[in-house]
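Following: one structure in structure tokens, then a few remarks.
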Amino acid sequence: MKKSIFTLAIVTGIAGTILMSCKPGTNEEKESQEKVEIARDNVQDAKDSLAVAKQAATEAEWNAFKNSGDSITRINDLRIAGLKLKIKKTGKDIDSKYQENIAVLEQKNKDLKVKMDAYKNDANSDWQSFKREFKHDTDEIGKALKDLTVDNKK
């Protein structure tokens with residue numbers, strides 16, 4: 001009898017311990033659940049901002065940008081043609097470095113035209129990034145053309 005009471009007491013103790021350890025909803029669990037929800041919200045916000053960044057340009061915005069880009073490349077073509085004509089008119093042997101620079105700038109300008117024509121204005125393209133890169137490239141060519149005509153030799 002003592003053995004059965006002792007066994008019953010041990011089994012009751014073990015069962016009580018198991019039941020107490022399985023209590024629902026501790027503070028740590030609630031805090032971690034809140035952190036998970038905050039992380040999910042942050043991920044959703046990041047996805048939304050990416051979607052906005054990748055948003056295709058409106059048709060009017062795209063046409064205006066394309067016309068602007070085309071006019072910039074045409075202006076650069078005219079400036080390059082003017083530089084080539086200047087070389088021919090002077091009749092002097094211009095150093096080959098000057099001619100190479102003109103050829104490089106001419107190729108970069110052609111590459112910009114190809115880049116503009118190849119761009120597809122859809123949801124999969126990154127419109128803001130394309131716009132920023134294209135503007136940077138046209139600015140670089142314009143600056144290089146201006147620097148090319150400056151005579152640094154004194």
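Because the structure is a prediction, the values reported are computed rather than measured. All values below come from the heavy atoms of this structure, side chains included, with hydrogens, waters and symmetry mates left out. Note that the numbering runs from 1 along the sequence shown for the chain.
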Side-chain contact, heavy-atom cut-off 4.5 Å: [X] with [Y]?
X	Y	value
Lys113	Arg74	no
Asp77	Lys110	no
Asp70	Met116	yes

Inset, instruction - For residues Ser68 and Ser71, report the shortest heavy-atom separation together with the two atoms involved. - result: O-OG, 2.8 Å
Legend entry - Non-hydrogen atoms of Lys146 and Arg79 that approach each other most closely: CG-NH2, 3.1 Å
Legend entry - Counterpart residues, side-chain contact (heavy atoms from CB on, under 4.5 Å), relative to Asn101 (two or more places apart): Lys97, Leu148
Legend entry - Qualifying residues under side-chain contact (heavy atoms from CB on, under 4.5 Å), relative to Asp137, sequence neighbours excluded: Leu112, Lys115
Legend entry - Under-4.0 Å salt bridge between Asp117 and Lys66: yes
Legend entry - Carboxylate-amine/guanidinium contact Glu61 Lys131, below 4.0 Å: yes
Inset, instruction - Inspect the surroundings of NZ in Lys108 and state if more than 12 heavy atoms from other residues, nucleotides or ligands are less than 6.0 Å away. - result: no
Inset, instruction - Quick one: sort the Phe65 and Phe134 rings into parallel, tilted or perpendicular, breaks at 30° and 60°. - result: perpendicular
Inset, instruction - Treat each ILVMFWY residue as a node, draw an edge where side-chain heavy atoms are under 4.5 Å apart, and state whether Ile141 and Ile72 are in one component. - result: no
Inset, instruction - Please answer whether the main-chain N or O of Asn76 pairs with a side-chain N or O of Asn109 as donor and acceptor at a distance below 3.5 Å. - result: no
